[in-house]
Number of protein chains: 2
Amino acid sequence: MKIFIGDLNKAFESRVRLGMMSILLVNDFVDFATLKEQLQITDGNLASHIAALEKLGYIEIKKQFIGKKPNTSYLATKAGKKAFAEHLDALEKLIKQSVE
Amino acid sequence: MKIFIGDLNKAFESRVRLGMMSILLVNDFVDFATLKEQLQITDGNLASHIAALEKLGYIEIKKQFIGKKPNTSYLATKAGKKAFAEHLDALEKLIKQSVE
DNA sequence: TTTATTAACTTTGTAATTCAAAGTACTTTT
DNA sequence: AAAAGTACTTTGAATTACAAAGTTAATAAA
């Protein structure tokens with residue numbers, strides 16, 4: 001029995017950020033409105049979780065206009081994908097420890 | 001793309017409680033000292049996480065004496081195991097969504 | 001041309017969570 | 001009698017999360 005909770009990434013402890021990264025891992029660009037709808041949170045709350053992940057360099061922001069409407073979309077960076085993969089790895093090890 | 005962060009159990013969002021349940025899921029009785037050592041936290045902190053899980057009916061407490069020393073050990077209840085399994089299920093779905 | 005609307009925030013304030021440190025009760029060892 | 005061990009409880013501070021309201025800048029409607 002050896003436990004590694006220290007290998008879990010604090011950034012992904014929150015269900016919202018966990019959900020965001022899951023989405024961004026498999027979808028190249030996802031916009032604000034889509035994230036908000038998928039995660040079912042207020043826009044202010046979403047904005048702050050986005051800011052947290054961006055500050056860590058885990059996601060990037062791309063602003064553009066679609067037709068005449070502003071549209072902001074997000075993508076996971078290489079570092080973000082790596083960090084998330086490592087987190088999932090740690091999670092798996094944690095859960096599977098001493099099962100065999 | 002359909003996301004289910006609502007199916008994640010808030011009780012298991014904390015790395016400490018996640019670690020505790022992982023341990024208790026595969027070890028029938030684990031005592032205070034062992035948990036403390038595995039999780040690397042202070043005893044006060046551990047005690048409060050234990051209290052949180054007990055309040056939810058996810059773990060049970062068994063007090064005994066080993067020789068002359070008091071020994072408290074913990075075990076996951078049936079409800080606790082079920083809740084944890086559901087949480088892991090939700091986690092898996094969340095992570096694997098739209099991968100295929 | 002004023003007014004309303006939309007998108008994506010920022011700010012504010014509150015509530016909840018987490019944690020370490022210190023204190024406590026009871027017992028045992030020295 | 002003093003020190004140490006076990007399993008806490010209490011306290012207080014720091015961090016985090018969140019909703020609600022306010023903001024900015026652009027477009028669309030009246």
Side-chain angles (χ1 to χ4, degrees), chain A residues 3 5-24 27 29-56 58-75 87 94, chain B residues 3 5-24 29-56 58-75 83 87 94:
Chain A
I3 263 294
I5 65 172
D7 291 343
L8 296 173
N9 190 330
K10 277 199 83 176
F12 306 128
E13 238 178 306
S14 134
R15 76 229 268 107
V16 173
R17 291 191 299 273
L18 193 67
M20 277 187 56
M21 286 304 288
S22 299
I23 294 172
L24 294 180
N27 301 92
F29 286 94
V30 182
D31 66 21
F32 193 89
T34 304
L35 284 178
K36 190 183 155 187
E37 193 230 321
Q38 292 290 322
L39 299 169
Q40 304 260 65
I41 56 179
T42 57
D43 51 359
N45 194 7
L46 175 55
S48 66
H49 284 293
I50 286 170
L53 290 178
E54 202 217 348
K55 196 178 165 192
L56 292 167
Y58 290 170
I59 64 173
E60 263 171 30
I61 300 180
K62 179 185 152 204
K63 283 170 188 286
Q64 60 177 346
F65 276 82
I66 292 183
K68 304 257 175 110
K69 286 185 181 174
N71 179 276
T72 310
S73 57
Y74 308 90
L75 73 155
H87 178 73
L94 182 66
Chain B
I3 262 295
I5 65 173
D7 292 342
L8 296 173
N9 191 330
K10 276 201 85 175
F12 307 128
E13 236 178 307
S14 133
R15 74 229 267 107
V16 172
R17 291 192 298 275
L18 192 67
M20 276 188 56
M21 286 304 288
S22 299
I23 294 172
L24 294 180
F29 286 94
V30 182
D31 67 20
F32 193 89
T34 304
L35 284 178
K36 190 184 155 187
E37 194 230 320
Q38 292 291 322
L39 299 168
Q40 304 260 63
I41 55 178
T42 58
D43 50 359
N45 194 8
L46 175 56
S48 65
H49 284 293
I50 286 170
L53 290 178
E54 201 217 349
K55 196 177 166 193
L56 292 167
Y58 290 169
I59 64 173
E60 263 170 30
I61 300 181
K62 180 186 151 202
K63 281 171 190 285
Q64 61 177 347
F65 276 82
I66 292 183
K68 304 255 176 110
K69 287 184 181 174
N71 180 276
T72 309
S73 56
Y74 308 89
L75 73 156
H87 177 74
L94 181 68

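We name chains A, B, ... by the order of the sequence lines, and we start the count at 1 in each one.
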Next item on the list: When you get a sec, tell me which of dA17(D), dC19(C), dT9(D) is the closest nucleotide to the side chain of S14(A)?
Entry: dA17(D)
Margin query: As a test of understanding, state which of L75(A), I59(A), L35(A) forms a side chain to side chain contact (heavy atoms under 4.5 Å, CB included) with V30(A).
Written below: L35(A)
Notebook entry, point to check: Can you check the D31(A) CG to dC9(C) C1' distance for me, whole Å?
Noted result: 14 Å
Check: Run the side chain to side chain donor-acceptor pair (under 3.5 Å) check on N45(A) and T42(A) step by step: do they pass?
Finding: CA-CA 5 Å; N45(A) 194 7; T42(A) 57; 4.6 Å; no
Check: Under 4.0 Å between a side-chain N/O of R17(A) and OP1 or OP2 of dA17(D), yes or no?
Finding: yes
Next item on the list: Show the numbers, then the answer: is there a ring-ring contact (aromatic ring centres under 6.0 Å, His included) between Y74(A) and Y58(A)?
Entry: CA-CA 10 Å; Y74(A) 308 90; Y58(A) 290 170; over 10 Å; no
Next item on the list: Using heavy atoms to find the nearest nucleotide of DNA chain C for T72(A) and V16(B) separately, return the residue whose nucleotide is more 5′.
Entry: T72(A)
Note to self: Please report the distance, rounded to the nearest Å, between NZ in K36(B) and C1' in dC19(C).
What the structure shows: 14 Å
Next item on the list: Report the distance from atom CD of E37(A) to atom P of dA8(C), rounded to the nearest whole Å.
Entry: 13 Å
Notebook entry, point to check: Can you list the residues that meet the salt bridge (Lys or Arg N to Asp or Glu O under 4.0 Å) rule with E54(B), with sequence neighbours excluded?
Noted result: none
Item checked: Within 45° cone and under 6.0 Å: K62(B) NZ/CZ vs F29(B) ring -> yes
Margin query: Show the nearest heavy-atom pair for residues I5(B) and L94(B), with the distance to one decimal.
Written below: CG2-CD1, 3.9 Å
Notebook entry, point to check: Starting at CG of L39(B) and ending at C1' of dC19(C), how long is that distance when rounded to a whole Å?
Noted result: 14 Å
Next item on the list: Kindly write out the residues that satisfy salt bridge (Lys or Arg N to Asp or Glu O under 4.0 Å) with E13(B), not counting sequence neighbours, or none if the list is empty.
Entry: R15(A)
Item checked: Integer-rounded Å distance: dA8(C) P and I66(A) CD1 -> 9 Å
Note to self: Rounded to whole Å, please give me the gap between CZ in F12(A) and P in dT16(D).
What the structure shows: 15 Å
Next item on the list: Take nucleotides 20-30 of chain C nucleotide by nucleotide from the 5' end and write B, S or -, depending on whether a protein heavy atom sits under 4.0 Å from the base, only from the sugar-phosphate, or from neither.
Entry: BB------S--
Check: Roughly how many Å is it from CG in L46(A) to C1' in dA17(D), rounded to a whole number?
Finding: 13 Å
Item checked: Side chain of H49(A) - closest among dA8(C), dC9(C), dA17(D) -> dA17(D)
Next item on the list: Would you mind reading off the distance between K10(B) atom NZ and dA15(C) atom P, rounded to a whole angstrom?
Entry: 15 Å
